[in-house]
There are 2 protein chains.
Amino acid sequence: MNSCRTSTADTQQALTQAETLCQQRGVRLTDLRRRVLEIIWSSTTALGAYAILDVLREDGRQGASAPPTVYRALDFLLEQGLIHRLVSLNVFTVCHQPGNPHNGQFLICQDCGHVNEMNNLEIDHLLRAETDGCGFETRTRIVEILGRCSKCLEESARHD
Amino acid sequence: MNSCRTSTADTQQALTQAETLCQQRGVRLTDLRRRVLEIIWSSTTALGAYAILDVLREDGRQGASAPPTVYRALDFLLEQGLIHRLVSLNVFTVCHQPGNPHNGQFLICQDCGHVNEMNNLEIDHLLRAETDGCGFETRTRIVEILGRCSKCLEESARHD
DNA sequence: TATGAAATGTTATTATATAACATGACAGGA
DNA sequence: TCCTGTCATGTTATATAATAACATTTCATA
Ligand SMILES: [Zn+2]
Ligand SMILES: [Zn+2]
Ligand SMILES: [Zn+2]
Ligand SMILES: [Zn+2]
């Protein structure tokens, strides 16, 4: 698995957008929170809390060496819709449409770790129809699909 | 939250069906595995591995007091499609249609813990269409919806 | 610059899951 | 019946994920 995105332009743009959103909302994107967001954006794969913690430790920043530090930052980023949590793997990944709250559907490659976030409204509607039919009040929708991405499929086909 | 199903008839029927399925497949539904399945069926709410372990300990059976015991039994039951794992809560719940493998969609009440398993084929088809469009090969589909069930909604409405 | 609220630091603990190896149960063949 | 290999379970230790509780620092603003 690649461990770094090829371009940091996306990351910089995302950080700028996050800064803007937080200002508009009157919440503080502190150094720590920005750094955690940057770490997640800088990885091609979704990261677990302790993997993020390792990077913070490499930073050599004062403190930042204990789990609560990273979990609190992650909680903030989740609240602000800047990242998503993938419950099937206990990892965190970036959101490409912060600003408009959504649940999303995630295609997760078990070979290369790549995560593809979809936002298919049809699926949302269908799930809503299903819950409405049961009189169920939805708070959170989780749709995660595990398997192999097209790239890894081609890769393995070449080696046959 | 209620901790026991009102009827044990469902449980007995489920155990019988499990026995039959395992015989057909040439796998062994041992005492331990059957007991774990019974424990899950006997609860109105989905149970975590350690909650199941607590019950096994109450049984006073020799051994059965360590995590691997229950995780191995759970792995077997999952493989045989006799139970489902809810990743959003790290808990296990019964399956009402063992025998035909499926992913299912789960409505999970965060107030009373009740789990409602749906098997809406439209949703399956829509998700399949989406992944096919991306050239993604699906191995596991996770659909879990967290919120409040109709019963708990009515309950809370009465107290307003 | 005083003050309170929010954020972070710090230590300890809880919760969930697996690794590794020993022992026991059981089916099929000698 | 006894051997033998496989599967299942017992057992100890550890890995991994998340939170509780309290101390200290930062920061806006009064
Ligand atoms: Zn998103
Ligand atoms: Zn891949
Ligand atoms: Zn099912
Ligand atoms: Zn309920």
Side-chain angles (χ1 to χ4, degrees), chain A residues 18-19 22-23 25-40 45-57 59-80 82-93 113 142 144, chain B residues 18-19 22-23 25-40 45-57 59-80 82-93 113 142 144:
Chain A
E19 197 77 62
C22 287
Q23 267 179 20
R25 294 169 182 170
V27 296
R28 293 170 52 204
L29 186 65
T30 61
D31 282 355
L32 177 64
R33 291 163 175 175
R34 187 189 302 104
R35 178 64 180 130
V36 170
L37 183 57
E38 184 182 31
I39 291 167
I40 298 171
T45 63
L47 295 177
Y50 282 74
I52 295 167
L53 191 53
D54 286 342
V55 180
L56 287 178
R57 283 172 173 152
D59 282 357
R61 85 169 47 213
Q62 203 264 355
S65 57
T69 299
V70 67
Y71 277 105
R72 284 189 290 229
L74 290 168
D75 283 345
F76 172 85
L77 297 172
L78 286 169
E79 276 168 22
Q80 299 303 319
L82 297 167
I83 61 172
H84 292 288
R85 175 169 148 74
L86 304 180
V87 293
S88 62
L89 298 178
N90 296 322
V91 293
F92 301 86
T93 192
I142 295 163
E144 296 178 18
Chain B
E19 198 76 64
C22 287
Q23 267 178 21
R25 294 169 183 169
V27 295
R28 293 170 52 204
L29 186 65
T30 60
D31 283 353
L32 176 64
R33 291 164 172 173
R34 187 189 301 103
R35 178 63 182 132
V36 170
L37 183 58
E38 185 181 32
I39 290 167
I40 299 172
T45 63
L47 295 177
Y50 282 75
I52 295 167
L53 191 53
D54 287 341
V55 179
L56 287 178
R57 283 171 174 155
D59 283 358
R61 83 171 46 213
Q62 204 261 358
S65 57
T69 300
V70 67
Y71 278 105
R72 285 188 289 228
L74 290 168
D75 283 345
F76 172 85
L77 297 172
L78 286 169
E79 275 168 21
Q80 299 303 320
L82 297 167
I83 61 172
H84 291 288
R85 176 168 148 74
L86 304 179
V87 292
S88 62
L89 299 178
N90 296 321
V91 293
F92 302 84
T93 192
I142 295 163
E144 296 179 17

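For the numbers below, each heavy atom of this structure counts, side chains included, while hydrogens, waters and symmetry mates do not. This is a predicted model, so every value here is computed, not measured. Numbered from 1 within each chain, the chains take letters A, B, ... in sequence-line order.
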Review point. Just by protein heavy atoms under 4.0 Å, how would nucleotides 12-19 of chain C read 5' to 3' in B, S and -?
Key: ----BBBB
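- A heavy-atom distance below 4.5 Å is not found between the side chains of A/Arg85 and A/Thr93.
- At least one side-chain heavy atom of B/Leu29 sits under 4.5 Å from a side-chain heavy atom of B/Phe76.
- Between the CG atom of A/Leu74 and the P atom of C/dA7 there is a distance of 15 Å, given to the nearest Å.
- The minimum heavy-atom distance linking A/Ala46 with A/Leu86 is given by the pair CB-CD1, 4.2 Å.
- In this structure, B/Arg72 atom CZ and C/dG24 atom C1' are separated by 12 Å, rounded to whole Å.
- Within residues 26-38 of chain B, the residues that have a heavy atom under 4.0 Å from DNA chain C are, in order of number, B/Arg28.
- What you find for A/Ser88 and B/Ile142 is that their closest heavy atoms are CB-CD1, 3.4 Å.
- The residue from B/Leu32, B/Leu74, B/Val36, B/Ile52 that alone fulfils the side chain to side chain contact (heavy atoms under 4.5 Å, CB included) condition with B/Thr69 is B/Leu32.
- Considering all non-hydrogen atoms of both residues, B/Leu82 and B/Cys22 come closest at CD1-SG, 4.3 Å.
- Distances shown here put every side-chain N or O of B/Thr69 at or beyond 4.0 Å from the OP1 or OP2 atom of D/dT9.
- From B/Asp59, atom CG reaches atom CG of B/Asp31 across 11.0 Å, with rounding to the nearest 0.5 Å.
- In this entry the distance linking CD1 of A/Ile52 with P of C/dT8 reads 15 Å, nearest Å.
- Contact of the A/Val55 side chain with the A/Arg35 side chain is registered, since non-hydrogen atoms from C-beta on lie closer than 4.5 Å.
- Spacing between atom CG of A/Leu56 and atom C1' of C/dG9 amounts to 13 Å, rounded to whole angstrom units.
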